[in-house]
K.L.:
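Before anything else, here's the structure in question.
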Amino acid sequence: RRLSCLSNMLGWAERRGWIARAPYLERFTEAPGRRRYASDAEELEMIAALSEAGYTSYADIVAVLVDTGMRRGELLGLVWDQIEEGTVRLDETKTGRPRRIPLTQRAARILTPGEEGSDGPFAGVRPSTLEDAWNRAKAQMGLEGDRGFTLHCLRHTFASRLLQRGADIFTVSRLLGHASIKTTADIYGHESLDQTQAAVELLEPNAPGSGH
């Protein structure tokens, strides 16, 4: 991923004539691996740790990220006009494709307009300060050495929970705002094993609609 970023930067410089020619960078396929996501207990412990430390708004951010799958930047940049009728409307996204995310009851309560004059629910929250608070709470949980337990893993948590509880991968892909269903399948395909088992069971003679 770093090589891909560097290649794009060099190509951008070449097109503007800043360098004569962008060098060739050999790419390597990233090992699939299993994405880190938060268990129910870890989520509750993180929210409790942040709340007890006086970071109630950061605890709310964790809850909303888990319940919506939004990227950190999407949530921190949210303004009140984007929250309507139990949904969040995201106009500017990483892929350039707008999307709408239904809110859980918990997320809807948190994203209810409160403080007058603020631009959005988390206006003024600095990413670096949020990251520091997360890392302190993470250390308190005894997970200081867990490199995968980051704020971004809450997005993986959202997707994994939906798939494990029966949501189809096409819907999850839309909610995440992926440019391609292939991206979702490559990252989370292993989470839908129960669904593939259920699908094969439809071929059994006694399955509903089998005609046997």
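Since the model is a prediction, treat every value here as computed from it, not as a measurement.
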K.L.:
Salt bridge (charged side-chain N to carboxylate O under 4.0 Å, His left out) with E84: which residues, sequence neighbours excluded?
P.N.:
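Salt bridge (charged side-chain N to carboxylate O under 4.0 Å, His left out) check on E84 returns R89, R100.
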K.L.:
Of all the heavy-atom pairs spanning C153 and G148, show the shortest one and how long it is.
P.N.:
CB-O, 3.5 Å
K.L.:
Hydrophobic clusters join Ile, Leu, Val, Met, Phe, Trp and Tyr when side-chain heavy atoms are under 4.5 Å apart, directly or via other members; which others share one with W18?
P.N.:
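Hydrophobic cluster check, W18: joined to W12.
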K.L.:
If you compare all heavy atoms of A159 against all heavy atoms of V172, which two are closest, and at what distance to 0.1 Å?
P.N.:
CB-CG1, 4.0 Å
K.L.:
Hey, mind stepping through I61 and L76 against side chain to side chain contact (heavy atoms under 4.5 Å, CB included) and telling me if it holds?
P.N.:
CA-CA 9 Å; I61 287 172; L76 296 187; 3.8 Å; yes
K.L.:
With sequence neighbours left out, what residues match F122 under ring pair (Phe, Tyr, Trp, His ring centres under 6.0 Å)?
P.N.:
none
K.L.:
How about P23 and L10: do any of their side-chain heavy atoms sit closer than 4.5 Å?
P.N.:
yes
K.L.:
Test: salt bridge (charged side-chain N to carboxylate O under 4.0 Å, His left out). Region: residues 135-149. Which pairs qualify, not counting sequence neighbours?
P.N.:
R36-D146
K.L.:
For residues L176 and F158, report the shortest heavy-atom separation together with the two atoms involved.
P.N.:
CD2-CD2, 3.9 Å
K.L.:
Has R16 got more than 12 heavy atoms of other residues, nucleotides or ligands less than 6.0 Å from its CZ?
P.N.:
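Yes.
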K.L.:
If Ile, Leu, Val, Met, Phe, Trp and Tyr residues are connected whenever their side-chain heavy atoms lie under 4.5 Å apart, and connections chain through other members, are I181 and I187 in the same group?
P.N.:
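Yes, it is one cluster - the side chains of I181 and I187 are joined through contacts under 4.5 Å.
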K.L.:
With D132, which residues qualify under salt bridge (charged side-chain N to carboxylate O under 4.0 Å, His left out), at least two apart?
P.N.:
none
K.L.:
Checking T68 against L75 for the side chain to side chain contact (heavy atoms under 4.5 Å, CB included) test, could you report, in this order, the C-alpha distance in whole Å, the side-chain angles of both residues, the deciding distance, and whether it holds?
P.N.:
CA-CA 9 Å; T68 63; L75 179 58; 5.8 Å; no
K.L.:
Specify the closest pair of heavy atoms between I101 and R99, including all atoms of both residues, with the distance to one decimal.
P.N.:
CD1-NE, 3.9 Å
K.L.:
Taking the side chain as every heavy atom from C-beta outward, state whether T104 and V64 have any pair of such atoms under 4.5 Å apart.
P.N.:
no
K.L.:
Only counting residues at least two apart or in another chain, list the ones meeting salt bridge (charged side-chain N to carboxylate O under 4.0 Å, His left out) with E131.
P.N.:
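E131 satisfies salt bridge (charged side-chain N to carboxylate O under 4.0 Å, His left out) with R72 only.
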K.L.:
Please identify each residue that fulfils side chain to side chain contact (heavy atoms under 4.5 Å, CB included) with A59, with sequence neighbours left out.
P.N.:
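With sequence neighbours excluded, A59 shows a side chain to side chain contact (heavy atoms under 4.5 Å, CB included) to I47, L50, S51, given in chain and number order.
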K.L.:
Would you indicate whether the side-chain heavy atoms of R71 and R155 approach each other to under 4.5 Å?
P.N.:
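Side chain of R155 against side chain of R71, heavy atoms only: contact under 4.5 Å found.
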K.L.:
State which residues pass salt bridge (charged side-chain N to carboxylate O under 4.0 Å, His left out) with D81; sequence neighbours excluded, sorted by chain then number.
P.N.:
none
K.L.:
Quick check against the 3.5 Å criterion: does S7 have a side-chain atom that pairs as donor or acceptor with the backbone of L3?
P.N.:
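It does not hold such a pair.
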K.L.:
Determine which pairs satisfy ring-ring contact (aromatic ring centres under 6.0 Å, His included) with at least one residue from residues 159-181, sequence neighbours left out, and list them in order.
P.N.:
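Counting only pairs at least two positions apart or across chains, no ring-ring contact (aromatic ring centres under 6.0 Å, His included) contact touches residues 159-181.
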K.L.:
So, using side chain to side chain contact (heavy atoms under 4.5 Å, CB included) as the criterion, who are the partners of M9 when residues are at least two apart?
P.N.:
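Testing M9 for side chain to side chain contact (heavy atoms under 4.5 Å, CB included), a comparison that skips the adjacent residues, returns C5.
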K.L.:
Applying a strict under-4.5 Å side-chain criterion to I, L, V, M, F, W and Y, I'd like to know whether I19 and L6 cluster together.
P.N.:
yes
K.L.:
With a 4.5 Å heavy-atom cut-off, do Y58 and V125 have their side chains touching?
P.N.:
yes
K.L.:
State which residues pass side chain to side chain donor-acceptor pair (under 3.5 Å) with E43; sequence neighbours excluded, sorted by chain then number.
P.N.:
R106, R161
K.L.:
When you measure from the side chain of E14 to the backbone of A22, do you find a donor-acceptor pair of N or O atoms at a distance under 3.5 Å?
P.N.:
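Judged by distance alone, yes, a pair lies under 3.5 Å.
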K.L.:
Would you call D67 and L103 a side-chain contact if the rule is heavy atoms closer than 4.5 Å?
P.N.:
no
K.L.:
Specify the closest pair of heavy atoms between I110 and A63, including all atoms of both residues, with the distance to one decimal.
P.N.:
CD1-CB, 3.8 Å
K.L.:
Just by modelled atom types, is the R109 backbone N or O under 3.5 Å from a matching donor or acceptor in the T112 side chain?
P.N.:
yes
K.L.:
My understanding is that only residues two or more places apart in sequence, or in another chain, count here; which of them pass side chain to side chain donor-acceptor pair (under 3.5 Å) with T171?
P.N.:
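Once residues adjacent in sequence are excluded, the partners of T171 under the side chain to side chain donor-acceptor pair (under 3.5 Å) criterion are D168.
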K.L.:
For a 4.5 angstrom cut-off between non-hydrogen side-chain atoms, does P121 reach I83?
P.N.:
yes
K.L.:
Please name the residue in the list Y37, F149, W134 that meets the side-chain contact (heavy atoms from CB on, under 4.5 Å) test with L154.
P.N.:
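Answer after filtering Y37, F149, W134: W134.
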